[in-house]
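Chain letters run A, B, ... following the sequence lines, proteins first, then strands; residues in each count from 1. Atoms considered below: every heavy atom in the structure, side chains included; atoms not considered: hydrogens, waters and symmetry mates.
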Amino acid sequence: MSLYLYNTLTRKKEIFIPIKQNEVSLYTCGPTVYNYVHIGNLRTFLFEDILVRYFKYKGYKVRQIMNLTDVDDKTIKNSIVHGLSLNDYTEIYKQAFFKDIEILNITPAEKYPSATDHISEMVKMITELEKKGLAYRSDGSIYFKINTFKDYGKLAHIDQENLRTGASGRVSSDEYEKENINDFVLWKAHTKDDGEVFWETSLGKGRPGWHIECSAMSMKYLGETFDIHTGGVDNIFPHHENEIAQSEGFTGKRFVNYWLHSEFLNIKGEKSSKSKGNVIYLKDLLEEGFSKEAIRFSLIQYHYRSKVNFSSDIILQSSATLDNLNHFINRCQQITKEHSDIHEQVQLILNKGLKGFEDSMDDDLNISSGLGSIFEAVNELNKIFDQLGKGDGHSIIDFLKQIDQVLGVLNFNQTILEEDIKKYIDERNVARKEKDFKKADQIRDYLKDMGILLEDTKEGVVWKKI
RNA sequence: GGCGUCGUAGCCAAGUGGCUAAGGCAGCGGUCUGCAAAAUCGCUAUCGUGGGUUCGACUCCCACCGACGCCUCCA
């Protein structure tokens with residue numbers, strides 16, 4: 001079945017048709033490396049991960065580019081405060097970012113270009129925009145003139161009239177040079193606040209504005225028109241709107257076919273953002289003892305266009321859900337029965353589960369509904385678990401491994417049985433046969449202390465690590 | 001002021017103009033078990049409020065209440 005994605009540009013679910021068959025070109029707005037990324041940032045990166053993983057699951061080749069914004073007001077300000085060069089300062093947070101996404105099992109992008117490595121590409125673009133009359137100089141800075149771009153506002157669905165009234169009273173004092181309040185800066189003339197951070201270019205001494213990096217780098221690595229551009233909803237305006245204006249102004253071509261935006265993660269009902277101070281970092285959650293899988297699962301299990309009200313409760317619930325699923329895997333791996341009379345029935349259940357999952361995911365990545373199909377399959381399999389044979393167990397594991405290509409949270413390596421543990425289990429079985437339950441319980445408690453939980457089932461003893 | 005999203009059980013969360021409103025977590029009761037655990041069965045929702053359209057709405061329309069967001073750096 002075809003994949004449908006909600007396109008912010010049209011406010012509709014649209015069937016996804018890539019420019020090149022079976023290939024996806026994807027640009028995902030990355031972090032500004034002035035601090036650690038917080039849990040809200042990570043939600044967006046995880047949404048993008050699910051998108052990438054699902055494309056790969058469906059057999060697409062994915063080329064994903066994620067930028068690192070390593071020059072802007074905040075990176076400059078913080079580096080000066082800490083007495084470090086801009087590069088030394090941002091390098092700390094680039095590495096921290098890579099570590100965080102690795103912990104959360106996020107598939108790496110093909111490339112993570114940094115803004116500061118692409119100054120010449122940006123200069124070239126700005127020069128051309130100026131030549132075309134879409135930009136103007138003022139006090140050494142260069143601004144994009146939005147009223148030269150007739151489609152300005154098409155992404156955010158804001159018209160230029162509303163922009164003017166909406167922005168009244170919010171003019172910051174250093175922006176008086178602009179002809180129009182919503183014109184945005186392409187190149188910022190150097191000021192003393194920027195310290196040592198500047199580039200001497202044909203445009204003058206200064207640094208790039210924020211929006212231009214994404215246009216320059218996405219087009220460099222993905223072409224003038226590419227398939228998908230993503231980010232958080234807060235990027236819709238002005239960031240992505242401005243990207244469209246400068247990119248389409250520059251090329252005269254359509255910039256991006258599909259714009260996808262993930263909703264916010266709220267904390268105590270409010271948007272989590274560094275400026276509000278209500279931020280949670282990954283390391284906080286790990287220090288509280290939550291597993292990285294539970295954290296990942298708690299952030300991916302909701303639809304990406306729904307707001308999530310984040311709390312430790314949702315990680316606890318996710319953790320319990322994952323434990324149950326992993327335990328199911330464990331039991332499937334320990335099936336001892338050789339033959340099965342119900343193999344066809346099992347296949348039917350698995351096929352239905354897989355179809356349910358795919359149909360849901362095809363519908364704009366409706367993962368909550370997709371998970372429902374998986375749990376339904378697990379439930380049906382549990383009902384007939386006593387009758388399952390080894391072959392069924394393998395089929396079920398294959399099914400879950402397939403699903404987990406997208407989810408990336410399950411544990412298939414739980415049952416490496418050390419010999420001495422096996423000895424204890426045998427010893428306990430003897431005790432049970434002799435109805436020496438006191439001794440049997442002692443062994444069970446002993447193993448529990450060692451982190452091995454035993455379960456007596458009709459098909460024998462099943463154990464798992466806890 | 002302009003634009004927009006959302007309000008489904010104790011918590012989280014899908015979904016649909018009309019069959020029993022998915023699923024997860026938690027709880028209670030039963031089955032199974034030497035006891036547990038796991039599993040399983042049962043129980044827990046007049047789908048924010050008030051109107052309207054319709055043979056029929058939780059689903060469409062209007063109003064209201066409430067939550068949140070964008071319009072300014074922000075995932």
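- Nucleotides C65(B) and U49(B), compared at atom C1', are 7 Å apart to the nearest Å.
- Of the residues near RNA chain B, N266(A) and Y6(A), the one whose nearest nucleotide (by heavy atom distance) lies more toward the 5' end is Y6(A).
- In this structure, F184(A) atom CZ and C73(B) atom P are separated by 11 Å, rounded to whole Å.
- Taking atom CZ on F375(A) and atom P on G24(B), their separation rounds to 7 Å, with Å as the unit.
- S369(A) contributes no side-chain N or O that forms a donor-acceptor pair with the base of A14(B) under 3.5 Å.
- In this structure, a donor-acceptor pair under 3.5 Å is absent between the side chains of D70(A) and T75(A).
- Considering only residues two or more places apart in sequence or on other chains, F357(A) meets the ring-ring contact (aromatic ring centres under 6.0 Å, His included) condition with none of them.
- A salt bridge links K355(A) and D359(A); the closest N-O separation between the charged side-chain nitrogens and carboxylate oxygens is under 4.0 Å.
- Rounded to whole Å, the distance from CG on N309(A) to P on U8(B) is 12 Å.
- Closest to the side chain of N382(A), from the set A14(B), A39(B), A75(B), is A39(B).
- Across the C1' atoms, G24(B) and A57(B) are found 27 Å apart, a figure rounded to whole Å.
- Dashed line: the shortest gap from a side-chain N or O of N182(A) to OP1 or OP2 of U72(B) is under 4.0 Å.
- Ionic pairing of D193(A) and K77(A) is not present here: no N-O contact between side-chain nitrogen and carboxylate oxygen is shorter than 4.0 angstrom.
- A salt bridge links D73(A) with R207(A): the closest approach of a Lys/Arg side-chain nitrogen to an acidic carboxylate oxygen falls below 4.0 angstrom.
- We find that CZ of F97(A) is positioned 11 Å from P of A75(B), with the value rounded to whole Å.
- Taking a cutoff of 4.0 Å between a charged side-chain nitrogen and a carboxylate oxygen, R428(A) and D456(A) qualify as a salt bridge.
- Note: R63(A) CZ to Y221(A) OH = 8.5 Å, rounded to the nearest 0.5 Å.
- A salt bridge links D364(A) with R305(A): the closest approach of a Lys/Arg side-chain nitrogen to an acidic carboxylate oxygen falls below 4.0 angstrom.
- For an aromatic pair to be called close, the ring centres must be under 6.0 Å apart, and H240(A) with H261(A) satisfies this.
- Base contact: F264(A) has a heavy atom under 4.0 Å from a base atom.
- Scanning atom types as modelled, no donor and acceptor separated by under 3.5 angstrom connect the side chain of K383(A) and the base of U40(B).
- When heavy atoms are screened at a 4.0 angstrom cut-off, H239(A) is found touching no nucleic acid atom at all.
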H229(A) and Y258(A): CA distance, side-chain angles, deciding distance, ring-ring contact (aromatic ring centres under 6.0 Å, His included) verdict:
CA-CA 6 Å; H229(A) 193 131; Y258(A) 302 86; over 10 Å; no

Tabulate atom names and distances for all N/O pairs under 3.5 angstrom spanning the protein and nucleotides 32-37 of chain B.
unit_1	atom_1	unit_2	atom_2	d
G34(B)	O6	R428(A)	NH2	3.3
G34(B)	O6	R432(A)	NE	3.4
G34(B)	N1	D441(A)	OD1	3.0
G34(B)	N2	D441(A)	OD2	2.8
C35(B)	O2	R444(A)	NH2	2.7
C35(B)	N3	R444(A)	NH1	3.0
C35(B)	N3	R444(A)	NH2	3.2
C35(B)	N4	D456(A)	OD2	2.9
A36(B)	N6	D456(A)	N	3.4
A36(B)	N6	D456(A)	O	3.0
A36(B)	N1	D456(A)	N	3.1
A36(B)	N3	R444(A)	NH1	2.9
A37(B)	O2'	E455(A)	OE2	3.2
A37(B)	N1	D456(A)	O	3.2

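- Using a 4.0 Å cutoff on non-hydrogen atoms, the parts of residues 69-81 of chain A near RNA chain B are K74(A), ordered by number.
- One C1' atom belongs to A45(B), the other to C60(B), and the distance between them is 22 Å to the nearest Å.
- Taking the P atom of each, C3(B) and C11(B) are spaced 34 Å apart, rounded to whole Å.
- Summarising the local packing, NZ of K154(A) is surrounded by more than 12 heavy atoms from other residues, nucleotides or ligands at distances under 6.0 Å.
- With T10(A) as reference, E14(A) is the one residue of K12(A), K13(A), E14(A) to meet the side chain to side chain donor-acceptor pair (under 3.5 Å) rule.
- S312(A) and E288(A) share no side-chain donor-acceptor pair at under 3.5 Å.
- Across G23(B), A75(B), A38(B), the shortest atom-to-atom separation from the side chain of R331(A) is found for A38(B).
- Stem list for RNA chain B (at least 3 consecutive Watson-Crick or G-U pairs, distances under 3.5 Å): B:1-7 with B:65-71, B:10-12 with B:23-25, B:27-31 with B:39-43, B:48-52 with B:60-64.
- Within residues 104-113 of chain A, no residue has any heavy atom under 4.0 Å from RNA chain B.
- Straight-line distance from the NE2 atom of H240(A) to the P atom of U72(B): 16 Å, rounded to whole Å.
- Residue G40(A) is in base contact, counting any heavy-atom pair closer than 4.0 Å across all strands shown.
- A heavy-atom distance below 4.0 Å to RNA chain B is reached by these residues of residues 317-324 of chain A, ordered by number: Q317(A), A320(A), T321(A), N324(A).
- Electrostatic pairing of K401(A) and D404(A) does not count as a salt bridge here, judged by no charged N lying under 4.0 Å from a carboxylate O.
- Between the side chains of T230(A) and T28(A), no donor-acceptor pair of N or O atoms lies under 3.5 Å.
- Annotation: C64(B) and C25(B) have their P atoms spaced 41 Å apart (nearest Å).
- Among the protein residues, L265(A) comes within range of the nucleic acid bases, having at least one heavy atom under 4.0 Å from a base atom.
- Within 4.0 Å (heavy atoms only), D313(A) reaches no atom of the nucleic acid at all.
- Of the two residues near RNA chain B, V308(A) and G232(A), the one whose nearest nucleotide lies more 5' is V308(A).
- Rounded to a whole Å, the CZ atom of F237(A) is 9 Å from the P atom of C73(B).
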After noting the C-alpha distance and the side-chain angles of Y34(A) and H82(A), does the key distance pass the ring-ring contact (aromatic ring centres under 6.0 Å, His included) rule?
CA-CA 11 Å; Y34(A) 72 108; H82(A) 289 87; over 10 Å; no

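- Look at N379(A) and you'll find a side-chain N or O under 4.0 angstrom from OP1 or OP2 of U40(B).
- Using a 30° and 60° split on the angle between ring planes, Y112(A) and F97(A) fall in the perpendicular class, above 60°.
- Side-chain contact, S340(A) with Q387(A): no donor N or O sits under 3.5 Å from an acceptor N or O.
- As a whole-Å value, the separation of L325(A) CG from G23(B) C1' is 12 Å.
- The nearest whole Å value for the distance from the CG atom in N366(A) to the C1' atom in U16(B) is 13 Å.
- For G23(B), neither phosphate oxygen OP1 nor OP2 lies less than 4.0 angstrom from any side-chain nitrogen or oxygen of S360(A).
- Figure legend: R331(A) and F385(A) shown as a cation-pi pair, the cationic atom lying under 6.0 angstrom from the six-membered ring centre and within 45 degrees of its axis.
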